[in-house]
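Note that this is a predicted model, so its numbers are computed, not measured. Chain letters run A, B, ... following the sequence lines, proteins first and then strands; every chain starts at 1.
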Number of protein chains: 2
Amino acid sequence: MKNRLKILRAERDWTQAHLAQHLDVSRQTVNAIEKGKYDPSLPLAFRIARLFGTTIEDVFQYEEGQT
Amino acid sequence: MKNRLKILRAERDWTQAHLAQHLDVSRQTVNAIEKGKYDPSLPLAFRIARLFGTTIEDVFQYEEGQT
DNA sequence: TAACAGAGTCAAGCTTGCTTTACTTTTTAT
DNA sequence: ATAAAAAGTAAAGCAAGCTTGACTCTGTTA
């Protein structure tokens, strides 16, 4: 699962900590997701997409057979 | 989190077991998700949307402050 | 009414998502 | 070059997603 978090964040000049606050998760969680260490839960994916004003499909790109 | 699984399944006249097979999860998992017992992982949500030829947002409706 | 298919549910166990705490490395600005 | 901010990383622990196995409760439909 790839994602555009780093780009979306950069476009708004937000830090991982700032993003974490607005998503109500820890900074480490944002970092781990951004680095592709693991996938967010579906509810968190919704909150991320909503915060960036876009869709889950726009933020995350699923590729068959990786997880 | 609400979902349209039962409807999408009915439109295609698929059983929970049939759906489970094509998603590569157990029948109990399909049942639990359909009944809203818990949310699917993000990868599984992608596979569900893809199988039904639609988007995650079309299958699942997130509502603030439930999970 | 008996039998079968589909749906619902429960328990135990493993894996993954997320937390806190704490530390190291990289980037930015002075 | 130094200091501060941001990013990266790791370990331990709890919560959520998913599994298998087994059992119940619905409809059908023969």
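A straight line from CZ of Phe60(A) to P of dG17(C) spans 12 Å, rounded to a whole angstrom. One atom, CG of Leu44(A), and another, P of dA15(D), lie 18 Å apart when rounded to the nearest Å. For the pair Met1(B) CE and dA16(D) C1', the interatomic distance rounds to 13 Å; values are reported in whole Å. Going from atom CG of Leu42(A) over to atom C1' of dC18(D) covers 15 Å, rounded to whole Å. To the nearest angstrom, C1' of dG17(D) lies 12 Å from CZ of Arg47(B). The distance between atom CD of Gln21(A) and atom P of dA5(D), rounded to the nearest whole Å, is 14 Å. The CG-P distance, from Asp24(B) to dG17(D), rounds to 19 Å in whole Å. As rounded to whole Å, 18 Å separates atom C1' of dC18(C) from atom OH of Tyr38(B).
Atom CZ of Arg4(B) and atom CD of Glu11(B) lie 6.0 Å apart (nearest 0.5 Å).
Within the structure, every side-chain polar atom (N or O) of Ser41(B) is placed at least 4.0 Å from both OP1 and OP2 of dG17(C). OP1 or OP2 of dT19(C) has at least one side-chain nitrogen or oxygen of Ser26(A) nearer than 4.0 Å.
A distance-only check finds no donor-acceptor pair linking the side chain of Arg27(A) to the backbone of Ala20(A) [under 3.5 Å]. Formation of a donor-acceptor pair under 3.5 Å by the Arg47(B) side chain with backbone atoms of Leu23(B) is found in this model. A donor-acceptor pair under 3.5 Å is absent between the side-chain atoms of Asp39(A) and the main chain of Ser41(B), judged by distance alone. Of the possible polar contacts, none joining the Arg9(A) side chain to the Glu34(A) backbone as a donor-acceptor pair under 3.5 Å is found.
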What nitrogen or oxygen pairs link the protein and nucleotides 6-13 of chain D at under 3.5 Å?
residue : atom : partner  : partner atom : Å
dA7(D)  : OP1  : Arg9(A)  : NH1          : 2.8
dA7(D)  : OP2  : Gln16(A) : N            : 2.7
dA7(D)  : N7   : Arg27(A) : NH1          : 3.3
dG8(D)  : OP2  : Gln16(A) : NE2          : 2.6
dG8(D)  : OP2  : Asn31(A) : ND2          : 3.0
dG8(D)  : N7   : Arg27(A) : NH1          : 3.3
dG8(D)  : O6   : Arg27(A) : NH2          : 2.8

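Among the protein residues, Thr29(B) comes within range of the nucleic acid bases, having at least one heavy atom under 4.0 Å from a base atom.
Nearest heavy-atom pair across Arg12(A) and Phe52(A) is NH2-O, 3.3 Å.
Ile56(B) is listed as a side-chain neighbour of Leu42(B), based on a closest heavy-atom distance under 4.5 Å.
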